[in-house]
Amino acid sequence: MAAARDSNHHDDDIFQHRPAKSQEKPCRTCTDFKTWMRMHGNPVDDKAEKKPKECPLDRIELGQNTWSFLHTMAAYYPDKPTETQKTDMKSFIHLFAKFFPCEDCASDLRENLASNTPNTTSRHDLSQWFCGLHNNVNRKLGKPDFDCSKVDERWRDGWKDGSCG
Ligand SMILES: Cc1cc2nc3c(=O)[nH]c(=O)nc-3n(C[C@H](O)[C@H](O)[C@H](O)COP(=O)(O)OP(=O)(O)OC[C@H]3O[C@@H](n4cnc5c(N)ncnc54)[C@H](O)[C@@H]3O)c2cc1C
């Protein structure tokens, strides 16, 4: 499981634009804030739940923010995309998987994409595809599945109980 791997481990470094491993900075987006602080010999108050504002993202924040973007992008994708839009979205997803800055997450994602082709046929299909992708990661991390019939409530329309205003 990616989460359990050493945060500085690089299995298949296909990132030709990156410096040699010996020159690389440790990967902040591959770990969580408290672990990162401890790795650098800084004391961490275990009772303090929040890190200071406006700091670089850790793995969890990067994940949450990225999923927000991906699901929202799918929620506003056209119902009837042109052929160019369908192809562009597929290209975007494959390029995203090359540059997502949590390297072991990205490596697992590329592996997943090899057999799980993005469905860019319509807004509905793309939203469901991202929901399934996210559930694959949820399962890998031992988290419960999200009910994919509720993606529009979560990411576009707001909950039916009116709690989102
Ligand atoms: C492409 C990608 C790959 C990742 N791979 C890894 C990895 O290999 N290892 C690792 O440790 N972390 C990985 N992450 C980060 C991980 O998925 C979480 O973002 C992080 O653990 C924080 O989880 P969370 O419980 O706060 O909610 P998140 O999983 O970030 O979810 C945010 C919100 O999305 C909604 N949601 C949850 N599931 C779904 C779904 N299926 N469809 C629609 N909405 C949903 C919920 O409302 C939830 O509160 C990855 C992130 C991304 C974007």
Side-chain angles (χ1 to χ4, degrees), residues 1-15 18 26-39 44 46 48-53 55-77 79 88-165:
M1 181 168 89
R5 287 185 200 148
D6 172 1
S7 58
N8 289 322
H9 178 80
H10 301 272
D11 324 89
D12 61 340
D13 199 347
I14 63 160
F15 297 95
R18 292 198 168 158
C27 175
R28 191 189 279 259
T29 51
C30 299
T31 189
D32 66 86
F33 172 67
K34 285 182 182 172
T35 310
W36 173 266
M37 292 296 275
R38 288 196 188 97
M39 275 163 62
V44 180
D46 278 323
E49 282 305 313
K50 290 194 174 164
K51 71 175 190 181
K53 283 182 184 167
C55 294
L57 303 186
D58 66 15
R59 179 200 283 260
I60 291 172
E61 294 164 325
L62 175 72
Q64 290 165 341
N65 285 308
T66 303
W67 285 124
S68 295
F69 163 65
L70 293 174
H71 291 301
T72 306
M73 176 178 69
Y76 289 91
Y77 183 73
D79 287 319
D88 284 351
M89 181 55 73
K90 275 187 189 150
S91 303
F92 168 80
I93 293 167
H94 283 281
L95 288 170
F96 164 82
K98 288 187 180 180
F99 290 97
F100 186 54
C102 163
E103 223 161 291
D104 50 348
C105 308
S107 166
D108 283 1
L109 178 59
R110 291 193 297 276
E111 224 172 84
N112 185 308
L113 288 178
S115 57
N116 180 20
T117 306
N119 189 339
T120 61
T121 311
S122 66
R123 191 191 75 75
H124 172 81
D125 288 345
L126 186 64
S127 298
Q128 291 299 308
W129 183 83
F130 270 118
C131 186
L133 181 77
H134 194 163
N135 275 339
N136 288 340
V137 178
N138 287 341
R139 272 175 229 140
K140 192 175 70 176
L141 300 179
K143 298 182 189 191
D145 269 20
F146 182 91
D147 177 354
C148 290
S149 70
K150 303 217 182 316
V151 276
D152 281 352
E153 281 181 72
R154 173 65 179 92
W155 296 108
R156 193 186 62 161
D157 303 330
W159 299 110
K160 285 191 178 142
D161 65 7
S163 56
C164 299

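Order of appearance sets the numbers: ligands from 1, and atoms from 1 within every ligand.
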Taking the non-hydrogen atoms of [X], is any one of them nearer than 4.0 angstrom to ligand 1?
X	value
Asp104	no
Phe130	no
Glu61	no

Would you call the rings of His71 and Trp67 parallel, tilted or perpendicular, taking 30° and 60° as the class edges?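 Plane angle under 30°, so parallel.
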
Under 4.0 Å from any heavy atom of [X], which atoms of ligand 1 are there?
X	value
Lys140	7 (C), 8 (O)
Leu141	9 (N), 10 (C), 11 (O), 12 (N), 16 (C), 21 (O)
Cys131	40 (C), 41 (N), 42 (N)
Thr66	53 (C)

Heavy atoms, side chains only, cut-off 4.5 Å: are [X] and [Y] in contact?
X	Y	result
Cys164	Glu153	no
His134	Phe146	no
Ile93	Leu126	yes

With heavy atoms under 4.0 Å as the rule, classify the contact between Asn135 and ligand 1 as side chain, backbone, both or neither. both

Looking only at non-hydrogen atoms, which of Arg59, Lys150, Gln64, Lys143 approaches atom 21 (O) of ligand 1 most closely? Lys143

First locate atom [atom1] of [X], then atom [atom2] of [Y], and finally report the distance between them rounded to the nearest 0.5 Å.
X	Y	atom1	atom2	result
Leu109	Asp104	CG	CG	11.5 Å
Lys90	Thr117	NZ	OG1	7.0 Å
Leu70	Cys131	CG	SG	12.5 Å

